Amino acid sequence: QVQLVESGGGLVQAGGSLRLSCAASGRTFSTYAMGWFRQAPGKEREFVAGMSWSGGNTYYADSVKGRFTISRDNAKNTVYLQMNSLKPEDTAVYYCAADPFRRDYVLQKQHEYLYWGQGTQVTVSS
């Protein structure tokens, strides 16, 4: 069993930056594919960014490409989402997800991930 705990959310003005963290329990975190999703009020949860277990492969949603960066520190069992040039439309609850099976791939679909965090709120004011 893996537990994921997100942190780093908050209120920021448009154009600002935030860095989200996702701390994972478990010794095998370094072998998991990781991803970030978000869900805005009244909308479905959507893919934001993903990374293979090695970190060699990453992929981003078009809406965040060039502004967000996913990274991981396996020594700290943590994955990050650096968010720059934030826009009001980035306002959402952000979720971290992990999968131990399809680890060589960047997973973009919710059902491909086995473990999920509880989410952290990001609010961008205009």
Side-chain angles (χ1 to χ4, degrees):
Q1 185 72 16
V2 172
Q3 290 187 326
L4 304 175
V5 179
E6 301 96 334
S7 62
L11 174 64
V12 64
Q13 288 189 332
S17 298
L18 282 175
R19 188 177 78 158
L20 305 183
S21 299
C22 173
S25 63
R27 296 177 298 170
T28 56
F29 165 80
S30 62
T31 65
Y32 291 3
M34 301 297 297
W36 286 96
F37 289 73
R38 67 186 181 186
Q39 187 167 18
K43 295 188 176 181
E44 293 186 354
R45 192 175 298 187
E46 63 176 2
F47 170 80
V48 174
M51 170 178 280
S52 61
W53 74 274
S54 67
N57 295 316
T58 58
Y59 191 77
Y60 298 89
D62 288 342
S63 58
V64 307
K65 203 170 294 182
R67 299 188 299 122
F68 290 11
T69 302
I70 186 172
S71 62
R72 66 193 302 160
D73 184 338
N74 289 335
K76 296 182 178 179
N77 276 13
T78 302
V79 65
Y80 303 98
L81 185 68
Q82 178 67 43
M83 305 186 297
N84 298 328
S85 302
L86 282 161
K87 305 175 181 180
E89 51 263 44
D90 294 318
T91 295
V93 177
Y94 283 72
Y95 298 90
C96 171
D99 186 75
F101 301 115
R102 305 174 186 85
R103 61 181 193 151
D104 293 329
Y105 303 95
V106 178
L107 308 176
Q108 300 178 48
K109 296 181 172 60
Q110 295 182 56
H111 68 81
E112 294 175 320
Y113 287 92
L114 183 60
Y115 302 112
W116 289 84
Q118 293 300 308
T120 185
Q121 176 71 48
V122 172
T123 302
V124 184
S125 64
S126 57

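From a predicted model like this one, the values you see are computed outputs, not experimental measurements. Along the sequence shown, residues carry numbers from 1.
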If we only count heavy atoms from C-beta on, is the K87 to R67 side-chain gap below 4.5 Å?
-> yes

F29 six-ring centre to K76 NZ/CZ under 6.0 Å and within 45° of normal = no

Does the side-chain contact (heavy atoms from CB on, under 4.5 Å) test come out yes or no for M34 and R72, once each step is laid out?
-> CA-CA 9 Å; M34 301 297 297; R72 66 193 302 160; 3.7 Å; yes

Are V48 and L86 joined in one hydrophobic group, where the rule is that I, L, V, M, F, W and Y side chains link up if heavy atoms are under 4.5 Å apart?
-> yes

So does Y115 have more than 12 non-hydrogen atoms from other groups sitting under 6.0 Å from OH?
-> yes

R45 and Q110: side-chain contact (heavy atoms from CB on, under 4.5 Å), yes or no, with the steps?
-> CA-CA 8 Å; R45 192 175 298 187; Q110 295 182 56; 3.5 Å; yes

Compute both the distance and the angle, then confirm whether R19 meets the cation-pi test with Y80: under 6.0 Å from the six-membered ring centre, within 45 degrees of the axis.
-> yes

Correct closest heavy-atom pair for A14 and S126 would be CB-CA, 4.3 Å

State plainly whether one hydrophobic cluster holds both Y105 and Y59, where clusters connect Ile, Leu, Val, Met, Phe, Trp and Tyr through side-chain heavy atoms under 4.5 angstrom apart.
-> yes

Kindly say whether D104 contributes a backbone atom to a donor-acceptor pair with the side chain of S52 at under 3.5 angstrom?
-> no

For residues F37 and Y95, establish whether the separation of their ring centroids is below 6.0 Å.
-> no

Are Q82 and S17 side-chain neighbours, meaning at least one heavy-atom pair lies under 4.5 Å?
-> yes

Exercise: identify the closest heavy-atom pair between F47 and Y60 = CE2-C, 4.1 Å

Checking side-chain contact (heavy atoms from CB on, under 4.5 Å) for the pair L114/Y32: CA distance, chi angles, key distance, verdict?
-> CA-CA 10 Å; L114 183 60; Y32 291 3; over 6 Å; no

Quick one: closest heavy-atom pair of L4 and C22, and the distance?
-> CB-SG, 3.9 Å

Could you state the interatomic distance from CD (Q121) to OG1 (T91), rounded to the nearest 0.5 Å?
-> 7.0 Å

Check for a donor-acceptor pair, side chain of Y113 on one end and backbone N or O of L107 on the other, with a separation under 3.5 Å.
-> yes

Can you tell which of N57, T58, L81, V106 makes a side-chain contact (heavy atoms from CB on, under 4.5 Å) with M51?
-> T58

Are any of the side-chain heavy atoms of V79 and W36 separated by less than 4.5 Å?
-> yes

With a 4.5 Å limit on heavy-atom distance, are the side chains of L20 and V122 in contact?
-> yes

Above 12 or not: heavy atoms from other molecules or residues under 6.0 Å from CD of Q118?
-> no

Is it true that atom NZ of K65 has more than 12 heavy atoms of other residues, nucleotides or ligands lying nearer than 6.0 Å?
-> yes

Between the side chain of E6 and the main-chain N/O of C96, is any donor-acceptor distance below 3.5 Å?
-> yes

What distance do T31 atom OG1 and N74 atom CG have between them, rounded to the nearest 0.5 Å?
-> 9.0 Å

Is it true that R102 and D99 have a side-chain N and a carboxylate O under 4.0 angstrom from each other?
-> yes

Give a yes or no answer on whether the side chain of S25 reaches the backbone of Q3 with a donor-acceptor pair at less than 3.5 Å.
-> yes

Give the intermediate values and the outcome of side-chain contact (heavy atoms from CB on, under 4.5 Å) for residues R38 and D90.
-> CA-CA 9 Å; R38 67 186 181 186; D90 294 318; 2.9 Å; yes

